[in-house]
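Remarks on the structure that follows.
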Amino acid sequence: MVRFKHRYLLCELVSDDPRCRLSLDDRVLSSLVRDTIARVHGTFGAAACSIGFAVRYLNAYTGIVLLRCRKEFYQLVWSALPFITYLENKGHRYPCFFNTLHVGGTIRTCQKFLIQYNRRQLLILLQNCTDEGEREAIQKSVTRSCLLEEEEESGEEAAEAIE
Amino acid sequence: MTLSILSTASTFAQARAAEISAMLKAVTQKSSNSLVFQTLPRHMRRRAMSHNVKRLPRRLQEIAQKEAEKAVHQKKEHSKNKCHKARRCHVNRTLEFNRRQKKNIWLETHIWHAKRFHMVRKWGYCLGERPTVKSHRACYRAMTNQCLLQDLSYYCCLELKGKEEEILKALSGMCSIDTGLTFAAVHCLSGKRQGSLVLYRVNKYPREMLGPVTFIWKSQRTPGDTSESRQLWIWLHPTLKQDILEEIKAACQCVEPVKSTVCIADPLLTQSQEKSQTELPDEKIGKKRKRKDDGENAKPIKKIIGDGTRDPCLPYAWISPTTGIVISDLTMEMNRFRLIGPLSHSILTEAIKAASVHTVGEDTEETPHRWWIETCKNPDSVSLHCRQEAIFELLGGITSPAEIPAGTILGLTVGDPRINLPQKKSKALPNPEKCQDNEKVRQLLLEGVPVECTHSFIWNQDICKSVTENKISDQDLNRMRSELLVPGSQLILGPHESKIPILLIQQPGKVTGEDRLGWGSGWDVLLPKGWGMAFWIPFIYRGARVGGLKESAVHSQYKRSPNVPGDFPDCPAGMLFAEEQAKNLLEKYKRRPPAKRPNYVKLGTLAPFCCPWEQLTQDWESRAQAHEEPSVASSPDGKESELRRSEAPCAPMPKKPHQSSDEVGTAIEHPREAEEVMDAGCQESPGPESITDQEARENHVAATGSQLCVLRSRKLLKQLSAWCGPSSEDTRRARRAPGRGQQGLTREACLSILGHFPRALVWVSLSLLSKGSPEPHTMICVPAKEDFLQLHEDWHYCGPQESKHSDPFRSKILEQKEKKKREKRQKAGPASSDGPVWEEPVAGQEALTLGLWSGPLPRVTMHCSRTLLGFVTQGDFSMAVGCGEALGFVSLTGLLDMLSSQPAAQRGLVLLRPPASLQYGFARIAIEV
């Protein structure tokens, strides 16, 4: 197929302040990334990355972000991400940083990775948890996700086969 | 660990779980619109996957199953209990064909046509529109040099039976001597010729036209005996049938339906079909496919012959209690094939052989053809048959059907044409040896076929029925052929051979105008029903090319005759046709994107898809009235103004209704006299003219809401056609004009015509002076003075250009679009008020289409820089003439106005402008009589 090939960067926003995550917004995020690229790589880098750059997915609760850019210049974006140190929104400044989890060629692979990653995170949380009530709540969500997985297992496998 | 962190941990876990489920959903959904098996990698694909779900990996089978159930991928549903082989089996196929014929009537040649033609459903029939092969030019060549064959069996036939006087009296109100010969014309009444005329509603001439028909009278056995019951066949186009049938029924006072033999035969047929239809499925279910013996099965299924859509309960014949006239509808009871072109003689004489006379010496065992044996016992009829045969043989020596008197009828009884079918398709060529018999040929050409020879048994319903029923099937015939001792030798059936009564009718080709007279003439062959294919194939094996509806349109266009029903705007069928055509064209226009279609508003075309005749004639009438008053005073030409003044006292003519009605009565009773009156009308104007004038005036007075009508009075048309040409240059016409006693083109004459036909249209033919080919709905306009000047300076001047018009609707449409968009946006926000918002844009959409004039049309004549005169209804490049030719109607008022204002040398020049162009082109107008 003839198409523009993209790279998708699956990142996680890490911040101490939970309000930082909630104030996340695709316009704010894209301007933030653009500014950072311009700062780090100059005008050429900004121009090269601005083609096809987009925020494809954003989850304010978990802080997961999916960025899209052209395959040719994804390294410029990638290398610029560590230089983001704070998020500015509505006059507030939240110190934070981006943790790149995965770089994929399609949204679908990123989604699959995210499923795996989240599952792993939940299990780690379950292991480290000491409180009883807390433990129960986490157990519940883990089983829910697992049940869902059971249901969709055939479908998922199909999707894997599709890829 | 603090409490806040604990709480975040649980929410954190919940958020993760929610994300997992969302991601799972997204991943499992199929995003592309390809099929499931198409998403598999190539090495995992298998050939049968597309139709067999089990070929897929098991995990994909469920999705694939869902996909296969969608309607798009469903295969066409065949009848479930029959396999392909069973469907192809003869019995089932006949059943299926019979079922499919229930809605639309199939001609007998339907299957043949369906394999080779683009079929259309029209007028309740399935008809071949045009051949699938590229054959426009080939068909034209066949018409001019060879032979074109058409199946016109869809034409309807009405039969009138009764006393001659009664029929003539009843029908006299429906036609007028003005338009030509009536039912009472001498040649037609004797049964010698076919006549053609235009029917009107009773006593409504010249308005309320019903349509053109052709008619033939059955010849009298004993000439001069008026008490004998006569038969009259009226042939007409299926679109006109309903109106004309009703009108004739009313005119003859035929109200009581008659159960005729035709009606009884049908229910039996359908009953047996239904029975067998109900029986068959039972037999099939659950059993092996082996069919039972035919002996057990009560009756073999009959093919539908004739009209399959007929309701057996409805009457098809009506009788009048007072006059005894019986009207019956013989639609589809006969086949009518038309052969056009000079080779039709040789094809006819080669394909058809006259029946052999049954001699007494032969074995008189039971044959189904009793009627022929009976006939052969009578020496008179045998000699008649021989004479018919001799005349038919003579036809082979005549080079073109045009040489024979127009409308000649020849009856004949012929043998089965399938028997001497050639092995291969060949081309029949005229046989020069047959031309030897010059004396007889000359006599035939001069006198036509004698009256006695027009007799045919096809007029007799019983014989036709027996002929249809006793036809040897193709299968039997082929079996007999295969059993011949010497393969390929002539099959001799002897007395078992079918004898088919047929009727040959000569069709005059181009009878109007001066050039190419007799072009497109040919023969019509009438056959009893059931015999269509038996004659069709032999004709084709002799080299006839078959044409469809398009070819018949081309034929009538090159003949410059109006095409039924499109070129009869004043009859109900014509109006219906125009409406339908406009609807289709509009639909087609709307299918294109707005940027890719002509903006007719900017082009100044008010009605690109239909011709607003009513408005055109109204406009011209009001123009003429408005023109009259000021022009009398300020006329540049002294003479003309004098004439105009003089016409004023002339206009109110003395009325003598009594005398006129007397005249009509005598004319119809004595057809010879009627013709004389007609001739007199052509030679010297004053006497009969006043009569017709009065009649017309009375009619005009009677019909207060004076409707549209088409001028068909031959006398007036002749006069107009003489005026149309450039009078001073054409010496021949100039010489002839005074001899005929033609009136000059004067103001007085014009006004007298206009008084009678204030809103009339005239059928004109136009030939382009320069390049280009006109299309339908092209506008015919009056050239201005400067156009003539420029044409005079430069003979190659191709015509003026219309300036671009502004489009007042464009802004409105844009506004509407904006509004719609805004509404949509509003609707997307709060989804509260669904009802009213939904309805509004639909109503708005109907009102305006970009590029079309909406709302009532303004004055059509004055909309463009050149005054509109009329519209073209048929137009194309004419291969017969070699330039673009068009046929159409112009307003009579406008035509006279234009002719009287043009200089004599350039009289009859008009401008043509296609609806999608700004360029005018010069054309010469001609009226052909």
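In what follows, chains are A, B, ... by sequence order, proteins preceding strands, each numbered from 1. Keep in mind the model is a prediction, meaning the values are calculated, not measured.
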Within the supplied structure, the quantity of interest is the number of heavy atoms (other residues, nucleotides, ligands) at a distance under 6.0 Å from [X] [atom1]; does it exceed 12?
X: A:Tyr61; atom1: OH; value: no
X: A:Phe83; atom1: CZ; value: no
X: B:Arg810; atom1: CZ; value: no

At what distance, to the nearest 0.5 angstrom, does [atom1] of [X] lie from [atom2] of [Y]?
X: B:Ile20; Y: A:Gln116; atom1: CD1; atom2: CD; result: 9.0 Å
X: B:Arg16; Y: A:Leu122; atom1: CZ; atom2: CG; result: 7.5 Å
X: A:Gln111; Y: B:Glu19; atom1: CD; atom2: CD; result: 10.0 Å

Below 4.5 Å, heavy atoms only, C-beta onward: do B:Met23 and A:Tyr57 meet side chain to side chain?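 When only atoms from C-beta onward are counted, A:Tyr57 and B:Met23 do touch, with a gap below 4.5 Å.
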
Can you list the residues that meet the salt bridge (Lys or Arg N to Asp or Glu O under 4.0 Å) rule with A:Arg93, with sequence neighbours excluded? A:Glu88

